[in-house]
Amino acid sequence: MIPPRVEYAAPDSVAEAVSVLAEAGEDAKVLAGGQSLLPVLRLRMAYPSVLVDLGRIDGLRGVRDEGASIVVGGMTRHSDVIDDPLVRRHAALLAAATATVADPQVRHRGTFGGALAHADPAGDLPAVAVALDAEMVAEGPGGRRTIPASEFFLDYLQTALDPGEILCEVRIPKLDDGWSAHYEKFSRTAQAWAVVGVAAAVRRSNGTIAEARVGLTNMSTTPVRARGVEAALTGKPADAATVAEAAMHAGEGANPPSDLGGQADYRSHLATVLTRRALSRAAHIG
Ligand SMILES: Cc1cc2nc3c(=O)[nH]c(=O)nc-3n(C[C@H](O)[C@H](O)[C@H](O)COP(=O)(O)OP(=O)(O)OC[C@H]3O[C@@H](n4cnc5c(N)ncnc54)[C@H](O)[C@@H]3O)c2cc1C
């Protein structure tokens with residue numbers, strides 16, 4: 001299918017991109033890897049007047065160390081996130097989840113910022129951002145601001161980004177000593193979107209689970225932080241019984257959709273099973 005006619009701009013800096021977006025008004029769209037946006041245009045589900053391609057802005061790419069956090073540029077491709085030594089060391093959950101995104105072609109074009117800004121409930125990375133207490137750094141006509149991941153995802157395909165704002169980078173607090181992580185994803189075919197996914201990170205200490213972070217994919221219109229699961233784990237023995245009991249809380253606060261991927265009750269069942277698996281793998285149990 002052929003996308004609608006659209007003007008194209010490829011600025012060299014964030015400042016220039018913000019100014020092109022401001023000039024074009026609410027009809028303008030940011031283009032990152034194009035893996036979600038181009039299908040939307042081809043299906044004629046959106047009619048932007050201008051596409052502002054961020055691909056030439058080198059400063060939006062890469063990962064840097066900022067002491068207690070790592071900072072991932074919005075235009076960092078999935079394949080670069082997976083291979084990055086800082087991500088692998090300090091945010092292993094992000095590397096694990098990103099490795100399950102689609103296929104190598106999509107991972108070589110799609111970007112971390114694009115996946116978060118698109119806010120697809122079936123996308124794997126929003127649940128990771130929420131579980132890791134990431135912070136989104138956005139720039140627009142009013143300057144820079146930071147939005148906690150817990151306040152970023154508003155509804156189906158909707159975020160707290162204002163029109164004209166660019167998601168420049170994502171700050172992720174390091175999870176280092178004693179932490180380990182696993183992303184468990186159930187999909188109907190290999191390399192497909194998640195019917196349900198579970199992002200789990202656990203810190204073991206002296207045979208107990210000292211801390212846990214759990215985020216759920218596709219269990220609502222936005223990613224779900226499974227606080228009930230986390231509370232049921234904290235301070236408990238790191239064993240199969242603890243994990244099984246905690247996983248029973250996975251559906252709390254969720255509002256799973258019914259669609260071609262599965263009915264809501266099936267998703268609730270999957271969330272329990274996958275949470276148990278994700279925690280067992282993350283905590284090296286069984
Ligand atoms: C066949 C296929 C399978 C896929 N499977 C999966 C999967 O299993 N799991 C998964 O998580 N994802 C999957 N995806 C989506 C993939 O992760 C995309 O890369 C991602 O959703 C969008 O990233 P992008 O860089 O391509 O963004 P684009 O498509 O360029 O943009 C997406 C949206 O975000 C906005 N946007 C992009 N970047 C920014 C920014 N920096 N600031 C502000 N707004 C921005 C755009 O304006 C647009 O509205 C799949 C995609 C395809 C084509």
Side-chain angles (χ1 to χ4, degrees), residues 3 6 8-11 14 17-18 20-21 24 26-43 45-57 59-61 72-82 94 96-130 136-140 144-145 147 152-153 156-170 183-197 199 215-218 223 261:
V6 61
Y8 175 81
V14 173
V18 167
V20 176
L21 284 167
E26 293 201 5
D27 280 352
K29 269 273 182 205
V30 165
L31 174 67
Q35 298 303 293
S36 296
L37 183 54
L38 290 186
V40 164
L41 298 185
R42 284 173 177 271
L43 290 167
M45 290 164 68
Y47 292 83
S49 55
V50 186
L51 283 185
V52 182
D53 186 347
L54 304 182
R56 289 196 187 153
I57 309 178
L60 291 180
R61 240 174 253 124
V72 184
M75 283 296 287
T76 310
R77 291 187 181 136
H78 299 317
S79 51
D80 294 327
V81 167
I82 295 166
L94 175 59
T98 309
T100 74
V101 169
D103 48 50
Q105 289 93 330
V106 172
R107 293 198 294 269
H108 276 91
R109 295 295 312 175
T111 65
F112 187 39
L116 298 176
H118 191 54
D120 192 321
D124 298 292
L125 307 182
V128 174
V130 166
M136 320 299 183
V137 181
E139 185 164 330
R144 280 208 162 200
R145 67 184 180 120
I147 310 161
F152 185 77
F153 302 100
Y156 182 77
L157 304 183
Q158 280 181 38
T159 71
L161 287 174
D162 288 331
E165 270 189 324
I166 292 171
L167 176 56
C168 293
E169 54 192 33
V170 182
Y183 186 73
E184 186 76 22
K185 171 172 175 175
F186 183 82
S187 37
R188 287 188 300 158
T189 56
Q191 304 184 332
W193 295 86
V195 176
V196 173
L216 306 180
T217 297
N218 221 358

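Start at 1 and go down the list; that is how both ligands and their atoms are numbered. Numbering starts at 1 and runs along the sequence shown. These numbers come from the heavy atoms of this one structure, side chains and all, not from hydrogens, waters or symmetry mates.
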| request: Mark yes when over 12 heavy atoms from residues, nucleotides or ligands other than Glu26 sit less than 6.0 Å from its CD; otherwise mark no. | output: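 It does not: Glu26 CD has 12 such atoms or fewer within range.
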
| message | Heavy-atom count check: over 12 atoms from other residues, nucleotides or ligands less than 6.0 Å from Arg144 CZ? | response |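 Yes.
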
| task | For side-chain contact (heavy atoms from CB on, under 4.5 Å), just list the numbers for Leu51 and Leu41, CA-CA rounded to whole Å, side-chain angles, deciding distance to a tenth of an Å, and then say yes or no. | result | CA-CA 11 Å; Leu51 283 185; Leu41 298 185; 3.9 Å; yes

| task | Non-hydrogen atoms closer than 4.0 Å to ligand 1: which protein residues do they belong to? List them by chain and number, please. | result |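 Residues Lys29, Val30, Leu31, Ala32, Gly33, Gly34, Gln35, Ser36, Leu37, Leu54, His78, Val101, Ala102, Val106, Gly110, Thr111, Gly114, Ala115, Ala117, His118, Gly123, Asp124, Leu161, Glu165, Ile166, Leu167, Lys185, Ala192, Trp193 each place a heavy atom under 4.0 Å from ligand 1, listed by chain and number.
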
| Is there any salt bridge (charged side-chain N to carboxylate O under 4.0 Å, His left out) pair reaching into residues 104-126, and which pairs are they, with sequence neighbours excluded? |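 As it turns out, the salt bridge (charged side-chain N to carboxylate O under 4.0 Å, His left out) pairs with a partner in residues 104-126, which skip direct neighbours, are Asp124-Lys185.
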
| Can you name the salt bridge (charged side-chain N to carboxylate O under 4.0 Å, His left out) partners of Asp162, sequence neighbours left out? |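 Residues passing salt bridge (charged side-chain N to carboxylate O under 4.0 Å, His left out) with Asp162: Arg145.
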
| Under the salt bridge (charged side-chain N to carboxylate O under 4.0 Å, His left out) test, residues paired with Arg42 that sit two or more places apart |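 By the salt bridge (charged side-chain N to carboxylate O under 4.0 Å, His left out) rule, Arg42 matches no residue at all.
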
